[in-house]
Amino acid sequence: MLVPVWKVTALKMGDLVVDKSSLTYSKDLGKQVTIPIWAAAIENGDCKIIVDTGIHSQEWVNENITICMQADDETMIGALKKGVDWLPEDVDIVINTHLHYDHCGNNHLFKNAQFILQEEEWKNAFHSLPTQKQFYLRELYDCRAVNYFNWKFVTGEVEVAPGVKVFTTPGHTSGHQSVLVNTEEGVLCISADVANLVENINDNVPPNILNSTEQWFSSLDEIRQKAQLILPGHEPAIRKYQTSNFPAITSF
């Protein structure tokens, strides 16, 4: 039986101003760059899936993390409407790659969705490393945001729907997962923050925000084995609402 083909639309959730070296370990120290925050909409006519839900508040990010900009069509509701003509209540499944503030900020909007998360990330979000505590905000993912019974905690590689899988890619966080999607152009990996940039995977350069460098290298090797294309979590070369011609993964 043929595996269904899915359409992926990149949804921009705003921009962050960061030091480039936070994305590329020991490179470009002191170089300020503006990076997008990417979520994704996945559809095949029968099922609507969102991967990550962006930030909950531009003001909170500016006050607590870094400089943040967000246009009207970069809020989750605005991006859904303009990019794929969905309402939050239309979404069947939300996949959180991990629970940092810029990946689960609008979980509360998706009242009809099942949420898929690695069980390890759920545990990690409540007992994170001291170096990562600033990136976790419990009210974005605990019972104030999502009915606990709407969570489906998984372990390892799991089929979400035919042609869509999640698989563990630790390194950025211990419970980080990425998403594989069967598209017309090949298997696309929505990598989130295990590969913030194409440069991370194609030049084998780790980011600076890691819980395990060793796990990070293993995760990137696994992505290379499984996917031909990549949608990184913060790649500036991706276009708003892009649906094709995602960057190719080169062998390393």
Side-chain angles (χ1 to χ4, degrees), residues 4 6 8-9 11 13 37-57 60 75-81 83-129 132-170 172-182 189-194 211 233:
W6 296 73
V8 177
T9 302
L11 302 179
M13 299 284 98
I37 304 164
W38 292 115
I42 307 174
E43 58 184 316
N44 73 348
D46 297 319
C47 184
K48 295 179 173 66
I49 301 173
I50 288 291
V51 180
D52 288 336
T53 65
I55 61 171
H56 71 295
S57 165
W60 183 90
T75 66
M76 178 53 75
I77 291 175
L80 282 176
K81 180 62 178 176
V84 288
D85 197 24
W86 298 355
L87 296 172
E89 52 264 37
D90 296 331
V91 174
D92 302 298
I93 296 170
V94 172
I95 300 170
N96 285 138
T97 59
H98 60 302
L99 294 176
H100 282 178
Y101 74 94
D102 53 334
H103 294 264
C104 65
N106 290 289
N107 280 8
H108 67 281
L109 295 175
F110 298 94
K111 303 300 185 184
N112 299 326
Q114 181 181 66
F115 287 76
I116 296 177
L117 182 75
Q118 292 289 324
E119 185 173 10
E120 173 65 23
E121 181 63 14
W122 179 257
K123 296 175 182 177
N124 181 63
F126 293 96
H127 304 283
S128 63
L129 292 171
Q132 295 210 11
K133 282 188 179 297
Q134 65 178 315
F135 304 126
Y136 287 103
L137 187 61
R138 291 186 180 189
E139 67 190 64
L140 302 181
Y141 49 82
D142 69 10
C143 60
R144 288 169 284 184
V146 179
N147 184 318
Y148 184 75
F149 288 97
N150 289 346
W151 285 105
K152 179 180 179 180
F153 301 119
V154 300
T155 302
E157 185 170 310
V158 175
E159 184 177 74
V160 176
V164 180
K165 288 185 175 183
V166 296
F167 68 111
T168 54
T169 49
H172 178 62
T173 71
S174 62
H176 191 285
Q177 65 181 354
S178 298
V179 185
L180 296 173
V181 186
N182 191 47
C189 178
I190 302 172
S191 66
D193 286 359
V194 75
N211 79 299

- Does any donor atom in the side chain of T97 or D52 lie under 3.5 Å from an acceptor atom in the other side chain?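 Distance-only check passes for T97 and D52.
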- Item | Donor-acceptor pair between Q118 and T168 side chains, under 3.5 angstrom |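 The answer is no; no qualifying pair exists.
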Residue pairs, two or more places apart or on separate chains, that pass salt bridge (charged side-chain N to carboxylate O under 4.0 Å, His left out) and touch [range]:
{"range": "residues 147-163", "result": "E157-K165, E157-K226"}
{"range": "residues 94-108", "result": "none"}
{"range": "residues 87-99", "result": "none"}

- Does the side chain to side chain contact (heavy atoms under 4.5 Å, CB included) test come out yes or no for L140 and N107, once each step is laid out? CA-CA 7 Å; L140 302 181; N107 280 8; over 6 Å; no
What pair of heavy atoms forms the shortest contact from [X] to [Y], and how long is it?
{"X": "V154", "Y": "Q177", "result": "CG2-OE1, 4.1 Å"}
{"X": "M13", "Y": "A39", "result": "CG-CB, 3.9 Å"}
{"X": "S128", "Y": "Q132", "result": "OG-C, 4.2 Å"}
{"X": "A41", "Y": "V84", "result": "CB-CG1, 3.9 Å"}
{"X": "V94", "Y": "A113", "result": "CG2-CB, 3.9 Å"}
{"X": "G233", "Y": "S191", "result": "N-OG, 4.1 Å"}

- Query: NE2/H103 to NE2/H172 distance, rounded to the nearest 0.5 angstrom?
  - Reply: 6.0 Å
- Message: Could you measure the distance from the CD1 atom of I49 to the CD1 atom of I95? Nearest 0.5 Å is fine.
- Response: 5.5 Å
Relative to the ring of [Y], is the ring of [X] parallel (under 30°), tilted (30 to 60°) or perpendicular (over 60°)?
{"X": "F110", "Y": "F115", "result": "perpendicular"}
{"X": "W60", "Y": "Y101", "result": "tilted"}
{"X": "Y136", "Y": "H100", "result": "perpendicular"}

- Item | Check against side chain to side chain contact (heavy atoms under 4.5 Å, CB included), I50 and L80 | CA-CA 10 Å; I50 288 291; L80 282 176; 3.6 Å; yes
- Task: For Y141 and A125, indicate whether the former's side chain and the latter's backbone hold a donor-acceptor pair under 3.5 Å.
- Result: yes
- Steps toward side chain to side chain contact (heavy atoms under 4.5 Å, CB included) verdict (L117, L99): CA-CA 9 Å; L117 182 75; L99 294 176; 3.6 Å; yes
